[in-house]
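Structure first, commentary second.
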Number of protein chains: 2
Amino acid sequence: MSWSQSLSPYILHPDQHEKDLVVYYDDIVTIIHDGFGKSTYHLLILPRDSKLTKKHPTTGVTAHIKNLLQTYVDWCTNYIYDHFTGRYEILPSNDNLSMSSKEDFIEQFILVGVHSVPSMNNLHIHVLTRDFHSLKLKNKKHYNSFNTKFFVQWDQLPLHFKPDKHEMENVIIKKSDLICCYCNKNFSNKFSQLKKHLGEEFDSHFKLNSSDANVSDNT
Amino acid sequence: MSWSQSLSPYILHPDQHEKDLVVYYDDIVTIIHDGFGKSTYHLLILPRDSKLTKKHPTTGVTAHIKNLLQTYVDWCTNYIYDHFTGRYEILPSNDNLSMSSKEDFIEQFILVGVHSVPSMNNLHIHVLTRDFHSLKLKNKKHYNSFNTKFFVQWDQLPLHFKPDKHEMENVIIKKSDLICCYCNKNFSNKFSQLKKHLGEEFDSHFKLNSSDANVSDNT
DNA sequence: TATTCCGATAGTGAC
DNA sequence: GTCACTATCGGAATGAG
């Protein structure tokens, strides 16, 4: 089961990794790019405290811990806002997605939260754009783990119970229809069609800045 | 639904097909090689009577009809015995499969019967070797349609009821384990392993005669 | 219990 | 809620004028 420990090195030795991967660290946290990011930007906040890192995220992130970590959450949303808007132009759109101000962008287009049944043993908080436009998004599990109640948002923490593992894995993740997070279109279990659609949604909302035009996209 | 009518031309115009496919016909029946035969030899007997051809096989093949068709069944088993033994040498074996006499061969190695839920609309009787060693045998449905009670043997006909379609399709065919018809080994739902095993069983029981050695096998 | 194509689903093994 | 591989399972179209 060593894969479930693969976040450990980052909290133990944040200095021994490439700068491209570790974007920030101090005594309290390490912040990294998710090695298999499911959106254009996908960061993980890893508290370094040896007791906290072993706790279950839905109950371990208490009000006190939230207060301690809030500055790092804000650091991440700012990081993502700056980098995303530096790289992409936000196109005018007809839908209900308004990203004209920084506050709107962060509110509507950045997700912060934890998985109700984590697979990595070290407590980690996801901060990611809500586009799911990534080569690493390959199946229903990947998508529904961020787009159902399997994903517990930062503002909802802490829960006063641990979600039922079996229900989350075998009902919520597997049985929930695939719903587009931009337009709510229902793709049932047609992952390939959702994936294609997400690419179209992305292209209708964002356009690579010319200075980045040589960078291949994530389709 | 035209595919379900694809046997019709053989009863309407048996003379307009290749001799390789239509092996016999008269006013009563047409006998053809199954276009997608699931065993080394796989014949279909198609009664040409316009009323009989529309009947359900499990109830339509009455004692009277069986008597009328028995001679064609015998013709088929003889045809298969002659051709199979002309092409293959029967090797001595340690298992309970004794094919030393023609009667034993026909009794133990030739199946005669009908499907309890046919997909082709024209009534047809299967006569086939019990090896299931064919490129066209590609999935559990193919195998279990001849190796469960979905297959109603000639001696059991007629039934006094039509088998329940839903039970046959969704329980008997899909849920029954794959059991080797030579040695009863259970392959659960591992079709690929069963298929490989059937090839080994075939090779342990039969050997191509040298005069046919240039003919590729069915693996 | 037609075939074929495509894709969703499921189990495994990995250091 | 790792990936990558393999295989099982599941739906949809299938033609003709």
Side-chain angles (χ1 to χ4, degrees), chain A residues 1-7 34-38 44 56-58 113-124 126 135-146 148 150-152 163 165-166 168-170 172-175 177-178 187-196, chain B residues 1-8 34-38 44 56-58 113-124 126 135-152 162-175 178 187-196:
Chain A
M1 294 283 280
S2 77
W3 60 264
S4 64
Q5 298 296 338
S6 42
L7 296 178
D34 187 314
F36 301 89
K38 303 304 189 291
L44 301 179
H56 193 283
T58 63
V114 301
H115 282 147
S116 52
V117 184
S119 62
M120 297 297 181
N121 287 348
N122 297 280
L123 190 152
H124 53 285
H126 296 270
L135 279 172
K136 300 297 186 183
L137 188 91
K138 295 180 177 176
N139 55 51
K140 172 188 282 191
K141 182 163 59 173
H142 291 158
Y143 188 77
N144 276 354
S145 68
F146 292 101
T148 64
F150 186 91
F151 189 73
V152 183
K165 179 173 154 75
H166 179 271
M168 287 296 151
E169 293 179 342
N170 295 97
I172 302 302
I173 293 288
K174 291 186 184 178
K175 303 300 183 192
D177 284 352
L178 295 162
F187 289 84
S188 182
N189 63 341
K190 302 295 190 292
F191 178 79
S192 293
Q193 291 180 26
L194 168 67
K195 178 127 179 96
K196 176 168 176 286
Chain B
M1 292 280 279
S2 76
W3 57 263
S4 63
Q5 298 297 337
S6 29
L7 297 178
S8 285
D34 188 312
F36 299 87
K38 304 304 188 293
L44 301 178
H56 193 282
T58 63
V114 300
H115 283 148
S116 52
V117 185
S119 63
M120 296 298 184
N121 287 346
N122 298 280
L123 191 152
H124 52 286
H126 296 270
L135 279 172
K136 300 298 186 181
L137 188 93
K138 295 181 177 177
N139 55 50
K140 173 188 281 192
K141 182 163 60 173
H142 292 157
Y143 188 78
N144 276 353
S145 68
F146 293 101
N147 288 280
T148 65
K149 70 176 185 181
F150 186 93
F151 189 74
V152 183
K162 295 181 189 173
D164 181 69
K165 180 174 154 73
H166 179 271
E167 187 209 353
M168 287 296 152
E169 293 179 341
N170 296 96
V171 182
I172 301 302
I173 292 288
K174 291 187 182 176
K175 304 300 183 191
L178 295 162
F187 288 84
S188 182
N189 63 341
K190 302 295 190 290
F191 179 79
S192 293
Q193 292 179 26
L194 168 67
K195 179 128 177 96
K196 175 167 176 288

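Chain A is the first sequence line, chain B the second, and so forth, proteins listed ahead of strands; every chain is numbered from 1.
Taking atom CD1 on B:Ile173 and atom C1' on C:dA2, their separation rounds to 14 Å, with Å as the unit. To the nearest angstrom, C1' of D:dT2 lies 17 Å from CG of A:Leu135. Separating the CG atom of A:Asn170 from the P atom of C:dT9 is a distance of 13 Å, rounded to the nearest angstrom. Rounded to whole Å, the distance from CD on B:Gln5 to P on C:dT3 is 16 Å.
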Each nucleotide N or O in nucleotides 3-6 of chain D that has a protein N or O under 3.5 Å away: list the pair and distance.
from, atom 1, to, atom 2, distance (Å)
D:dC3, OP2, A:His142, NE2, 3.4
D:dA4, OP2, A:Lys138, NZ, 3.0

Review item, nucleotides 5-8 of chain C N/O atoms under 3.5 Å of protein N/O:
from, atom 1, to, atom 2, distance (Å)
C:dA8, OP1, A:Phe191, N, 2.9
C:dA8, OP1, A:Ser192, N, 2.7
C:dA8, OP1, A:Ser192, OG, 3.2
C:dA8, OP2, A:Ser192, OG, 3.1
C:dA8, O3', A:Asn189, ND2, 3.4

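Residues satisfying the salt bridge (charged side-chain N to carboxylate O under 4.0 Å, His left out) test with B:Lys162, not counting sequence neighbours, are none. For B:Phe191, there are no ring-ring contact (aromatic ring centres under 6.0 Å, His included) partners, not counting sequence neighbours. Qualifying salt bridge (charged side-chain N to carboxylate O under 4.0 Å, His left out) partners for B:Lys149, counting only residues two or more places apart in sequence or in other chains: B:Glu167. Residues passing the side-chain contact (heavy atoms from CB on, under 4.5 Å) test with A:Gln193 are A:Phe187, A:Lys190, sequence neighbours excluded. Legend: residues meeting side-chain hydrogen bond (donor to acceptor under 3.5 Å, both in side chains) with B:Lys196, ordered by chain and number and at least two apart, are B:Glu200. Residues meeting the side-chain hydrogen bond (donor to acceptor under 3.5 Å, both in side chains) test with B:Asp164, sequence neighbours left out: none. In this structure, the side-chain contact (heavy atoms from CB on, under 4.5 Å) partners of B:Met120, at least two apart in sequence or on a different chain, are B:Ser6, B:Leu7, B:His124. Residues meeting the side-chain hydrogen bond (donor to acceptor under 3.5 Å, both in side chains) test with B:Ser8, sequence neighbours left out: B:Gln5, B:Asn122. Qualifying side-chain contact (heavy atoms from CB on, under 4.5 Å) partners for A:Lys136, counting only residues two or more places apart in sequence or in other chains: A:Phe36, A:Lys38, A:Ser134.
In this structure the side chain of B:Val114 reaches within 4.5 angstrom of the side chain of B:Thr58, judged on heavy atoms.
Nucleotides C:dA2 and D:dG17, compared at atom C1', are 24 Å apart to the nearest Å.
Defining each end axis of the helix from C:dA2-D:dT14 to C:dA14-D:dT2 as the rotation carrying four pairs' C1' atoms onto the next four, with five pairs an end, the two axes are found to diverge by 10° to 10 degrees.
B:His124 comes within 4.0 angstrom of nothing in the nucleic acid, heavy atoms only. At the heavy-atom level, A:Phe151 lies nowhere under 4.0 Å from the strands shown. Nucleic acid contact class of A:Phe187 (heavy atoms, under 4.0 Å, all strands): none.
The CE atom of B:Met168 sits 7.0 Å away from the OG1 atom of B:Thr148 when rounded to the nearest 0.5 Å.
Nearest-nucleotide mapping onto DNA chain D: of B:Lys174 and A:Pro118, the residue sitting toward the 5' end is A:Pro118.
If you check distances only, the side chain of B:Trp3 does reach the base of D:dT14 with a donor-acceptor pair under 3.5 Å.
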